Structure formats: C-alpha cells, structure tokens
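Side chains are part of it too, since the values below use all heavy atoms of this structure and drop only hydrogens, waters and symmetry mates. Both counts, for ligands and for their atoms, begin at 1 and track the order of listing. The model shown is predicted, which means the values in this text are computed figures rather than measured ones.
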Amino acid sequence: MTDLLNNATKVQNECLKKIDSSLIEKSKRPHFHLASPCGWINDPNGLSFYKGQLHLFFQYHPYSNKWGPMHWGHAVTKDFLSWNFLPVALAPDTNADIDGCFSGTAMEDGDFHLIVYTGVVSDNAVQNQCIAIGDGVEYKKLENNPVITASNIPFEYDVAHFRDPKVWKENGTYYVAAVIKTQDKSGALVIFKSENLKEWKFVSVADRSECKLGMMWECPDFFSLDENDVIVISPQEMKEDLEAGWHDGNNSVFMIGKMNRNEWKFNRKSVCQIDYGIDFYAPETTLLPDGRRIMMGWMHRWEGVSTPDDYLWTGMMTLPRELKINNGIVYQNPVRELESKRINPVSGKINLFVGKTTKADGVRGRHFDLLISFEGISSDSGSLEIQIASDEKYSTKINLDFEKYEMSFDRSRSGTRTDCETFRKFKFEIPSDGKFDVRLVCDTCSAELFACGGRYAFTNVFYSPLEAEEIKFTSSKALSFDYNFYTLV
Ligand code: FRU
C-alpha cells in the first residue's frame, strides 16, 4: 500500500472513532443511508455484488468537506441498509492517475473484483481509463494503466473530458462505455471492447447529445430491464423545462430503447428524468443475484451544497432502489429490505378541512416511512401540504398541487445557513383511476419521496435541528386520505 492510501484510511478511521464516541456526532448521521465517513463524498462508484456482499465505492476526499484530489472510498453491506467502511480502495498515487481517481464501475469477474475508473493527469488536463483488480479489500492497479486513451478513439474530441467508464462482460468479452466531449462541446457515449483487459478496441459512438440533451454527459450506465435496454446519463448544463421534467444544470436521465448489438448503436425511444429532487445525481445500478436491478445515486449536488460547516462529513447516497419498467415507464422504489426497519405502525384516515392544520397521533419523528393513498383525485382536488421536521421555528414542506399537477419541496425554513437552492417543483400526471399514492422515507436529514407506485422520485436533503420533528397536514380544499406510518430504526 502506498503512503497516500494508508494515510487516507488512517484519517478515515480516526474520524469514525470520533463519531462513534460522540452522541452529538452520531445523532447528525442518517440511520440507514450511507453517509460519508469523513470529509467529502460524491458519486457512487463500483456498485457491485462480489463474494456475497454488496460493495459500494465512492468519490472521496477524506481530508476536508470540500471536493479535492479524488480517492475511492469503500463500504460493504449485507442488508443494503447498514454499511461497513473498509480501507480506502484507490488513491491518486500513480503516473496514470496522479491528479485523481475519478468515477467508474466494478464487477465480479471470476474470483476477482474488477474496477475500471478514470485516471486524471492535469499537467495536460487528460482523462484516461484505468483498471484495478482486487479481492474485495485491496486493489492493485494494472502496470500498463491507462489502458484506454485518446489513441483508442479514431476521431478528435476534447481529451480533458473522457471519463466514468461502465464495465460489463458479454459472451466472454469485456465492454466499457464511457463519456466524451465531442467537437460540438456536448456529450457522447463511446463503447470499447477487450478480450484481455489490456488491449482495447474502439467499437462505436452508441449515442450522443448533439447539444440537445445537455452539454457534457457524465456517469453512464447501461443495462437491460424488462425487455428494454436502458442507458443512464447525467447531462450537465441543461435548461429548465417543466413540461419535459428538466431543471437547470445537472440532471440524470433514463434513456430507454434498444441497443443494436451488431453495430453497438442505441436506438433511443424515450428519455425521462430519474429523480426530480434537488439532491440527486450520478446514479449507478447493478444486478443482484436474485435478479433485482438496483440503483443508488449521490444524494447531494454540485451547486450550493447545504451541509452545515461544523459537520465532520458531507455527502450521502440514496437508498438502493429497485427498478422496474412497465409500459415504457421506469418505476423505482426503496429496496424491500427497508420494511425490516419498521416499528410502531400507526394507520388511519385523515379528513382535512380548509385552513386547519392537522397532526395524527404517533405520526412524528425524523426516521420514518409514511405511506399515503388517495382515491378520487382530480384536478378539482385542491392541494395538500405536508410539513416535516417542523416545530415553532422550522418547517420543511412538500406540496402536492392537484390543480396545477405540480409537486414541490421547500426548505427555505429548514434552518439552512448556506446560500443554496431551497425550492424545486415538477409536473406529474394524475392516474386516470383517480388513485394517487405517496411514500415518504425520512432519515435524519433526507426525504426521499416516491409517488404513483414509484413513477416519480423526489429526493431532497435538509439539515434542520433534530428536535424539529413534527409532521403536519394542511389542504386547500376538504381532502381525505388513508395513511400508514412506521418509525424506522
Ligand atoms: C460527476 C463527476 C464525474 C467525475 C467525478 C469527479 O459528479 O463530475 O464525471 O468522474 O464527478 O469527482
């Protein structure tokens, strides 16, 4: 192990000890989400099942709460909800990645755990693809890194933007899909293949933005699900378009279609937002041995990170979510294992009267799973406001406006001290049978909302003081709904 790697692990372990010995530090952390052990994390990397456990790596700068030279942190879980941190897996310590080990993916390959990641060398601002092979704890970089470089690409592109390889194996051949910035300054997905991991051949440009779907693309994924092929891309510099579901800046999208496996060209049939919230980016997926396709995203954002300055860490990941496709629509829901964390069930019906804020017995806290279902909803049903993490001073609001077909999240009274975006809204459809359901999973400082069976996901974080834990409902017209509430431990 190199000094850089050792040192990063040492700093991480000291931080974990500090957290473990302080009730205050512990109380700030989520209970069943992965949060940074120390310092900064961004993208999930290398989400993969290897030797009976789910592994997650992440973009990591353990030395401060700000992005810096990127390492790969590493954690494992057996139940998808409680994570053990392992030694830092990669540090920027070779000529091929001296300025950063950027995002990538991993897969089980026989006995080995194979990582493909981006090595950054800033002297001439170049990004190339590198490989490391490990046993689930220690990873050894190939001596002939970088293995995929500009020399593999038969046309001109911006060599400072070639990153985030997704690796998979098909009929005994390794494939990598990565993103590049083409001459029109927007993103494209390029595919390579190899028989031996060392020599790689360019295969195709599978899809590209042509400045229509954001500018540079980041963090691709590619998989088949329920008879569709799906590409995941996180495009930068998108323009807000409420009807299409985009917000300004970084978005993450599902592109659904068919990959022509002779030419490796993607026939894109539809594109949709993955998660409408403020805090969701760069998701990765993997296939579990039981056949489930799960996805995790970075539960934060690049612009205006809202973690309070006195935290020892910044950055969390979403819950692993199970994906399904039905009639061309992707549905996402928290892994079913979350149900094992439920205690103290409370259920009933709430009848709301105009202008009267209502609470329900036993419905409070900062760790909960709340399921609401409405019948007979139409554009005449008015709106419902749900306040969470609330007390006299603080309140975090979710508004379901059936008249405008809009859902919104407002953290302007959540106690945020940083100048960050506090409001986000998106458009939804009301199902034709008038049934509308919402599931809200809250864990200390995050709210992941799933509506209409998981058709819409809406993820936002808030760092209100922990004593703010009331949950209240208000409507603009008389409105009734059934609810099931569980505290999560
Ligand atoms: C996405 C991203 C990736 C890059 C990494 C650097 O959030 O910009 O494209 O590899 O973060 O940390």
Counting only heavy atoms, which portion of N42 has something under 4.0 Å from ligand 1: side chain, backbone, both, or neither?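 Answer for N42: side chain.
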Just to be sure I read this right, does ligand 1 sit under 4.0 Å from the backbone of W302, its side chain, both, or neither, counting only heavy atoms?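 Near ligand 1, W302 shows its side chain, while the N, CA, C and O stay back.
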Option among M299, M317, M316 that satisfies the side chain to side chain contact (heavy atoms under 4.5 Å, CB included) test with I41: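 That would be M317; it is the only one of M299, M317, M316 passing the side chain to side chain contact (heavy atoms under 4.5 Å, CB included) with I41.
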For atom 10 (O) of ligand 1, what is the nearest protein heavy atom, given as residue, atom name and distance?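 Protein heavy atom with the smallest distance to atom 10 (O) of ligand 1: D164 OD1, 2.6 Å.
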Heavy atom of the protein closest to atom 8 (O) of ligand 1 (residue, atom name, distance):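 The closest heavy atom on the protein side is E218 OE2, 2.8 Å.
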Give a yes/no verdict on a cation-pi contact between K169 and Y175, requiring under 6.0 Å between NZ or CZ and the six-membered ring centre and an angle within 45° of the axis.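 That pair does not qualify as a cation-pi contact.
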Show me which atoms of ligand 1 lie under 4.0 Å from any heavy atom of [X].
X    : value
M70  : 12 (O)
Y281 : 1 (C), 7 (O)
Q59  : 5 (C), 6 (C), 12 (O)
S103 : 5 (C), 10 (O)

Flag for T9-N6: side-chain donor and acceptor within less than 3.5 Å: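 No, no side-chain donor-acceptor pair sits under 3.5 Å.
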Under a 3.5 Å threshold, yes or no: a donor from one side chain and an acceptor from the other, between S82 and D79?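 Yes, a side-chain donor-acceptor pair sits under 3.5 Å.
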NZ/K198: more than 12 non-hydrogen atoms of other groups inside 6.0 Å: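 No, not enclosed.
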Does the gap between the ring centers of Y117 and F102 come in under 6.0 Å?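 Ring-ring flag for Y117/F102: false, centres at least 6.0 Å apart.
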Short side-chain to backbone donor-acceptor contact, H61 and K66, under 3.5 Å: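 Judged by distance alone, yes, a pair lies under 3.5 Å.
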Of the choices I41, V120, D43, which has the non-hydrogen atom that lies closest to atom 5 (C) of ligand 1?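 Looking at heavy atoms only, the winner is D43.
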For ligand 1, is W298 a contact, meaning one of its heavy atoms is under 4.0 Å away?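 Outside the 4.0 Å threshold, so no.
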